[in-house]
**Student:** 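Here it is: the structure, laid out below.
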Protein chains: 2
Amino acid sequence: MDEETLQTALDTAEALCAQRGVRFTAQRRRVLELVCRAERPVGAYEILPQLHTGATAAPPTVYRALDFLLEQGLVHKLETLHAFIGCTHPEHPHASQFLICADCGRVKELENEAIAGSLRSAAQETGFHPKRPVIEVLGTCAQCTHKAESV
Amino acid sequence: MDEETLQTALDTAEALCAQRGVRFTAQRRRVLELVCRAERPVGAYEILPQLHTGATAAPPTVYRALDFLLEQGLVHKLETLHAFIGCTHPEHPHASQFLICADCGRVKELENEAIAGSLRSAAQETGFHPKRPVIEVLGTCAQCTHKAESV
DNA sequence: CGCACAACTGTTATAATGTTTCGAAAATGC
DNA sequence: GCATTTTCGAAACATTATAACAGTTGTGCG
């Protein structure tokens with residue numbers, strides 16, 4: 001995420017939190033910034049040492065901030081990687097899908113209604129009530145596929 | 001899984017392994033049995049103490065068996081639960097979806113072509129090559145929804 | 001058979017991820 | 001300002017997973 005996009009993301013986050021009446025504290029802002037700056041999903045323990053200038057913070061510090069950001073839909077957790085990634089469109093609640101490149105580590109967030117819809121209707125057929133869908137596809141992105149073929 | 005279904009599952013597993021030229025050792029059989037006997041997904045560390053009569057086995061023992069069973073498609077790993085579940089139809093490779101009840105803990109394995117297909121085509125649009133799709137939906141099953149409403 | 005090799009298993013130690021708990025500090029509302 | 005709620009700091013601990021190395025068992029083959 002480039003500097004400009006980052007600033008927009010932080011501003012959006014701040015506005016959303018104000019609107020929802022929840023506190024977007026300096027610490028939460030900092031964690032969101034660190035997650036967004038990364039090109040790839042980042043683990044909680046990668047963020048940790050970047051929180052304090054002197055000694056590194058303790059795990060609950062970062063997990064609390066991440067929990068808050070998850071609740072507010074400002075970041076997503078990738079279960080298959082045990083890592084976090086900034087949300088690309090936090091304005092509205094949504095069911096996302098993630099394409100995770102096993103080669104370069106980059107992740108593409110989709111918001112595909114066909115996938116979400118087919119999942120919803122399949123669940124409905126069995127009487128199941130979905131709360132949180134987790135859809136992550138491990139594979140190879142277009143760029144890395146191309147690179148591999150040209151070798 | 002009842003006793004009869006379990007025996008069938010173990011026999012099927014044995015036949016599949018023989019056919020593929022891989023070893024279905026006593027230990028692997030035992031781990032598969034323990035996973036299948038459970039009504040719910042089981043963690044690796046739940047299986048561990050059941051492996052030895054005297055002292056409990058060490059983690060790598062059970063993880064190695066589970067890795068084998070995963071490779072052979074005889075069990076699935078639920079990433080959101082860090083737990084394992086017996087596969088309901090191991091005969092053919094397949095992309096499954098899992099409906100996980102947060103209330104009773106039970107899991108329903110789906111094999112829905114509409115979901116798999118829409119995911120495939122969404123990935124294809126971006127040039128992404130899927131290897132391992134992970135589709136897990138946390139929610140409430142029909143039975144538990146009914147129970148909750150009748151209270 | 002008996003040897004060589006590969007595959008599987010045991011064991012110790014350690015890494016990586018996540019949680020509980022208790023208490024201090026800061027912000028909020030009145 | 002003062003009580004209440006929320007957030008933050010810190011120590012200890014729980015859970016999940018892997019690395020490394022040695023021993024054992026099975027398999028193929030002369």
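All figures in this text were calculated on a predicted structure; none of them were measured in a lab. The figures that follow rest on heavy atoms only: side chains count, while hydrogens, waters and symmetry mates do not. Below, chains carry the letters A, B, ... as their sequence lines are ordered, and counting in each starts from 1.
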**Student:** Roughly, in whole Å, what's the span from CZ in Arg28(B) to P in dT25(D)?
**Tutor:**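 From Arg28(B) CZ to dT25(D) P: 16 Å.
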**Student:** The side chain of Pro59(B) lies closest to which of these nucleotides: dT6(D), dA17(D), dG26(D)?
**Tutor:**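 Nucleotide nearest to Pro59(B)'s side chain: dA17(D).
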**Student:** Start at the 5' end of DNA chain C and walk down; is the nucleotide closest to Arg23(B) or to His82(A) reached first?
**Tutor:**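 With Arg23(B) and His82(A) compared, the 5'-side residue is Arg23(B).
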**Student:** For Gln27(A) and dT6(D), what is the distance between atoms CD and C1' respectively, to the nearest whole Å?
**Tutor:**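 Rounded to whole Å, this separation is 13 Å.
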**Student:** Would you say the side-chain atoms of Thr12(B) pair up with the backbone N or O of Thr8(B), donor to acceptor, closer than 3.5 Å?
**Tutor:**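 Indeed, once roles are kept as given, a pair shorter than 3.5 Å links the two residues.
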**Student:** Nearest-Å distance, CD1 (Ile47(B)) to P (dA17(D))?
**Tutor:**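 After rounding, the gap between these two atoms is 11 Å.
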**Student:** Does the Glu46(B) side chain pair with the main chain of Gly43(B), one donor and one acceptor, at a distance under 3.5 Å?
**Tutor:**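 At least one qualifying donor-acceptor pair exists.
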**Student:** Base, sugar-phosphate, or nothing: which does Thr61(B) touch, judged by heavy atoms less than 4.0 Å apart?
**Tutor:**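 It contacts base atoms.
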**Student:** Within a 6.0 Å radius of atom CD on Glu111(B), are there more than 12 heavy atoms belonging to other residues, nucleotides or ligands?
**Tutor:**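 Atom CD in Glu111(B) is packed in, count exceeds 12.
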**Student:** Measure from the ring centre of Tyr45(B) to the centre of the six-membered ring in the base of dT16(D), then say whether that distance is under 5.5 Å and the planes meet at under 30°.
**Tutor:**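 A stacking contact exists, since Tyr45(B) sits close and nearly parallel to the base ring of dT16(D).
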**Student:** Specify the separation, in whole Å, of atom CG of Leu48(B) and atom C1' of dT15(D).
**Tutor:**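 Rounded to whole Å, this separation is 12 Å.
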**Student:** Anything under 4.0 Å to a heavy atom of chain B counts; send over the first and last such nucleotide of DNA chain C, read 5' to 3'.
**Tutor:**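 With heavy atoms of chain B under 4.0 Å away, the range is dA7(C) to dT12(C).
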**Student:** Counting any heavy atom closer than 4.0 Å, what does Ala44(B) reach on the DNA or RNA strands: base, sugar-phosphate only, or nothing?
**Tutor:**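 Result for Ala44(B) = nothing.
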**Student:** So for atom CD, which belongs to Glu91(B), do other residues, nucleotides or ligands contribute more than 12 heavy atoms lying within a distance under 6.0 Å?
**Tutor:**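 Count over threshold, so yes.
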**Student:** Could you state the atom-to-atom distance from CG of Leu81(B) to P of dT16(D) in whole Å?
**Tutor:**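 Leu81(B) atom CG is separated from dT16(D) atom P by 10 Å.
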**Student:** Please state how far atom CG in Leu78(B) lies from atom P in dA17(D), giving the value in whole angstrom units.
**Tutor:**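 So the two atoms are 11 Å apart, to the nearest Å.
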**Student:** Does the structure place the NZ or CZ of Arg29(A) under 6.0 Å from the centre of the six-membered ring of Phe24(A), at an angle of no more than 45° from the ring's axis?
**Tutor:**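 Not satisfied by the 6.0 Å and 45° rule.
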**Student:** Applying side chain to side chain contact (heavy atoms under 4.5 Å, CB included) between Val35(B) and each of Leu74(B), Leu69(B), Ile47(B), report the one that passes.
**Tutor:**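 With Val35(B) as partner, side chain to side chain contact (heavy atoms under 4.5 Å, CB included) holds for just one option, Ile47(B).
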**Student:** Hey, which sits more toward the 5' end of DNA chain D by its nearest nucleotide, Glu79(B) or Thr25(A)?
**Tutor:**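 In this pair, the answer is Thr25(A).
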**Student:** What about Leu81(B) and Leu70(B), same hydrophobic cluster or not, with Ile/Leu/Val/Met/Phe/Trp/Tyr joined at side-chain heavy-atom distances under 4.5 Å?
**Tutor:**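 Per the 4.5 Å side-chain linkage, Leu81(B) and Leu70(B) are not co-clustered.
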**Student:** For Arg64(A), which contact category applies under a 4.0 Å heavy-atom criterion: base, sugar-phosphate, or nothing?
**Tutor:**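 Since a base atom lies under 4.0 Å of Arg64(A), the category is base.
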